[in-house]
Trainee: 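Would you mind keeping the following structure in view while I ask a few things?
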Amino acid sequence: MATVNVRNHDFQRELPADSVVAVADGPVPAVPPKGRLTTLAAPLLFAAIAGIDGLGTSIAFAALIFTGPLAAGFGMGVGVILLSCVVIALIIGLRSRYPSSVGQVQEASIAILATAIAAAMASPALQGATEATRISTAFAILGTSAVVTGAVFWIFGACRFGKLVRFMPFSVVAGFLAGSGFLLIQGAVMMIVGDRSLAQLLIQPLGHQALANLYIALIFAIVLTLALKNASNPVTAPLVMLAGALLFYAMLAFIGVTPEQARLLQWLPSMPATSGLQLPSPLGIVQGADWVVVAHALPAIASVALLSMVGVLLNTSGLEVATRREIDADAELRIAGIANVLAGGLGGAPGFTGLSMTLLANRMGAQTRAVGIATAGVLLLMLPFASQLAGAMPTFIAAGLMLTLGFELIHDWLWGARRQLPVSEWLVVLAIPLGMMAFGFIGGMALGLALSIVTFVYNYARLSVIRADTSGRERRSSIDRPIAENAVLALEGEQVQVLELQEFLFFGTVEQIIGAVRHRLNDRRKLSLRFVILDFRRVSGMDAAACAAFVKIRNMLVASDVTLLVSGMNPKVEIALRRNGLDVVDDPTVLVERDLDHALERCEERLLAGLPRESDWNDVEDYLARTIGPSARLHDLVAAMEKIELEPGDRFIRAGEAGDDLFLLWKGRAKVEARLPGGRALRLRTVTPGVVLGEIAIYRGGPRTADVVAEVPSIVYRLVRQQLRHMEKADPQLALLVHRLCATTLAERLTIANRVVQSLHE
């Protein structure tokens, strides 16, 4: 984004790791090239520039806040904001994890606080209050915002919660910053025209004068903006401001107008040019402020703290990218927190590290802690003369500066965001400043948050909570079945609908599940539905509306004579369903399985219930004939294999041993398991009669990768590799039957795997 040298927009967007952050005059190198200013001179020169910048903006910020009924506090306002700059720059300069960090009071915070203070001054509680009470209340709001901001910074940094703030939607952050730009413009206008109505501005002579002053401030803002856009020198802004002031006083001398007369014409701040340092007393603020009014400003104060925390973290992220070094964001929060608490204790304003100024210091070759210390020193030297300088600064310069900053914020965060954000998110950005114009700051903030929530819910509802919608044809259990049973499941498996759910289920997404079940029930192109499996393993939770939807699904399936199975439920999901009318444990119309694999197994057993099983096979020859086709040599093949009887727990394949045997499980049941590092056995799949084992090792060689253990009394037939090699030489026809059995087994498993992969990608 574009950067203003006179003030930096210290909220930078997230940048890719290989990008380079740019200031007004181009990219900032991580290490300054040779030939730069000396180590001592560079920080001093930068501090002079930063000091002029800090003084000018402190005067402008004070003029934005201490106007109208608070005009008597203008001098103290300049002093306390300038003192805040000193404290923040010094603490951050001494303690920041990045040595050349430059701390500053931020214009976005001032814009929000100026609006909050103006609203407080208009409250009934202060209508009859004394001038001292009003000024003390204004400083109390200002100081409280800094203390609250510092406390929030420190707590989040100490608890290492810095990353949580990144959950703030970018559209809301951009909208707040664009709205802050509007508030700066609004404040600059009010600084000049006051509370005059449009009729007063157009009819009364003083109104005409105010309009003329506003035109001059607008012209100065345009000149300053163009100068900053076309000149890359860091002293451009101070020179433009100095030139404007010199021309102003030359004009006064030419037309013979004294400074006192200029104040009456509102060309200079409506205060006498006093000497000496003017600062409010912290004890006087505590005793003289109306704290009930301060309490009413807490929503604005909280928004300043939140927005400032976003700014710290985004600036830290941008600084990491620009300098190619890692910076502890939580440590930066703690350091900025201490600085803000100290500044707030003096009645000052909140602030944090300014990204653009820090990068400017790097570009000038100043990369030590002397940068922040020298900047604080220069500002401290200006502090005794702050009131005199504030009284001498022409109003159009302060107002023009605020207009420039406001236009820049709107340009960067409203106009610029239209190219980066989807239309729906950009409309949220637009709605926030419009809401501030129509309903005030709090109203605009509430509108932006409400719209961002609605946008989030809408976009989240469009995300699929159905991870996979498959059938029992593609999605199989871990039961390793013979080819004949697999063939039945390939035909009948589409009678099982498998819905693997994910994410948090709520009223906006659960309709997807109802729609998927209803669509499958009404799909006449497929076999009639008999089972629906809802797998909750990846579901994190659900609201009451989602639970009610599952009751609706249950009723819909019961009416269609379809069995509902639920699997993978965590206790949170189970409790939520029970509270909302679906007691899955005691409901006879719902079957519960601990995971998807067991739910699939139950459905498969139901589908295979009428199929002849191993007890119906006459002998091994009969099974082989059904598997690889009839052959006169099947008897010889069986005779060549060794029959082995196993007891429960017998391990007939061991991990790590050479894969020299081919097995056919004829009777019983076995499990394939792997040994975990701790010695615990992990069950991979179950093997039923008619399944061939070890066929891959026969071809590839190498050690076994898992154990196979008999679970019940079982019978297996074994053919060793050496015997197969002998067949290939002595009896190729018999060896061909073995290879056909292995190839059929591999092809069957590959077909099942392909179906699963295809279903997950559809």
Side-chain angles (χ1 to χ4, degrees), residues 6-7 43-67 70-94 102-105 110 132 135-136 138-139 142-143 146 235 237-238 241-242 244-246 248-249 259-260 262-263 268-285 339-340 342-351 354 357 370-395 397-398 401:
V6 80
R7 284 302 302 156
L44 293 177
L45 178 58
F46 171 80
I49 297 171
I52 297 172
D53 174 62
L55 175 63
T57 51
S58 295
I59 295 173
F61 291 163
L64 189 65
I65 296 173
F66 296 93
T67 185
L70 298 174
F74 176 54
M76 288 189 293
V78 174
V80 81
I81 293 177
L82 193 59
L83 184 58
S84 301
C85 293
V86 172
V87 172
I88 293 170
L90 183 61
I91 298 299
I92 290 177
L94 289 173
V102 181
Q104 296 173 301
V105 173
I110 293 295
I135 293 174
S136 295
F139 279 116
L142 200 62
V235 300
M241 295 169 66
L242 180 60
L246 291 176
F248 171 76
Y249 281 101
E260 290 71 22
R263 294 186 198 283
L268 289 173
S270 57
M271 57 168 287
T274 58
S275 61
L277 179 62
Q278 297 186 57
L279 290 175
S281 166
L283 182 59
I285 294 174
N340 277 274
L342 291 176
L346 300 171
M357 277 304 225
V371 172
I373 298 171
T375 300
V378 170
L379 292 171
L380 189 61
L381 290 174
M382 293 178 175
L383 189 59
F385 313 102
S387 296
Q388 290 175 294
L389 294 171
M393 175 178 278
T395 305
I397 292 181
L401 181 57

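It should be emphasised that the depicted structure is a prediction, and the values quoted were computed from it without experimental measurement.
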Trainee: For the residue pair S136 and P280, establish whether any side-chain heavy-atom pair is separated by less than 4.5 Å.
Mentor: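 They are not in side-chain contact.
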
Trainee: I'd like to check F61 versus V78 (side-chain heavy atoms, cut-off strictly below 4.5 Å). Are they in contact?
Mentor: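 No, too far: nothing below the 4.5 Å cut-off.
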
Trainee: Test your reading of the model: is there a side-chain donor-acceptor pair from R263 to the backbone of L268, 3.5 Å cut-off?
Mentor: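 Absent.
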
Trainee: Looking only at heavy atoms, which two atoms of A63 and A398 are closest? And how far apart?
Mentor: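 Nearest pair, atom of A63 first, then A398: CB-CB, 4.5 Å.
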
Trainee: Roughly how far, to the nearest 0.5 Å, is the CE atom of M76 from the CD1 atom of I81?
Mentor: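 The CE atom of M76 is 12.0 Å from CD1 of I81, to the nearest 0.5 Å.
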
Trainee: State, to 0.1 Å, how close A390 and P269 come at their nearest heavy-atom pair, and which atoms those are.
Mentor: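 Closest heavy-atom pair between A390 and P269: O-CG, 3.4 Å.
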
Trainee: Sub-3.5 Å donor-acceptor pair from the side chain of T67 to the main-chain atoms of L64, do we have one?
Mentor: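 The answer is no, because no donor-acceptor pair under 3.5 Å joins these two groups.
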
Trainee: Would you say M241 and L401 make side-chain contact, with heavy atoms under 4.5 Å?
Mentor: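 In contact.
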
Trainee: Of all the heavy-atom pairs spanning P350 and A146, show the shortest one and how long it is.
Mentor: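 Of all heavy-atom pairs spanning P350 and A146, the closest is N-CB, 3.8 Å.
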
Trainee: Is V105 close to T57 at the side-chain level, that is, under 4.5 Å between some pair of heavy atoms?
Mentor: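 A side-chain contact under 4.5 Å is absent here.
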
Trainee: Grab the two heavy atoms, one from G77 and one from F139, that are nearest each other, plus how far apart they are.
Mentor: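 That would be N-CZ, 3.7 Å.
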
Trainee: State the CZ-CG distance between F385 and L82, to the nearest 0.5 angstrom.
Mentor: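 Here the interatomic distance stands at 12.0 Å.
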
Trainee: Of all the heavy-atom pairs spanning M382 and G51, show the shortest one and how long it is.
Mentor: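 For M382 versus G51, the nearest heavy atoms are SD-O, 3.6 Å.
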
Trainee: Does A392 offer a backbone N or O that forms a donor-acceptor pair with the side chain of Y249 under 3.5 Å?
Mentor: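 Checking the backbone N and O of A392 against the side chain of Y249, a donor-acceptor pair under 3.5 Å is found.
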
Trainee: Would you say V102 and I92 make side-chain contact, with heavy atoms under 4.5 Å?
Mentor: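 No, every pair of side-chain atoms sits at 4.5 Å or beyond.
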
Trainee: Starting at CG of L346, measure out to CG of L142 and round the result to the nearest 0.5 Å.
Mentor: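 It comes to 11.0 Å.
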
Trainee: To the nearest 0.5 Å, what is the distance between CG on L380 and SG on C85?
Mentor: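 Rounded to the nearest 0.5 Å, the CG-SG separation comes to 12.0 Å.
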
Trainee: Hey, could you give me the CG/CE distance between L55 and M393, rounded to the nearest 0.5 Å?
Mentor: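 Rounded to the nearest 0.5 Å, the CG-CE separation comes to 6.0 Å.
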
Trainee: Taking S84 for the side chain and A349 for the main chain, is one N or O donor matched with an acceptor at less than 3.5 Å?
Mentor: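 Yes; at least one donor-acceptor contact below 3.5 Å.
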
Trainee: How many angstroms lie between CG in L90 and CG in L342, if you round to the nearest 0.5 Å?
Mentor: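 If we round to the nearest 0.5 Å, L90:CG and L342:CG are 10.0 Å apart.
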
Trainee: What are the two closest heavy atoms between L379 and A50, and how far apart are they?
Mentor: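 What the structure gives for the nearest pair is CD2-O, 4.4 Å.
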
Trainee: Could you walk me through whether I59 and F74 pass side chain to side chain contact (heavy atoms under 4.5 Å, CB included), step by step?
Mentor: CA-CA 9 Å; I59 295 173; F74 176 54; 4.0 Å; yes

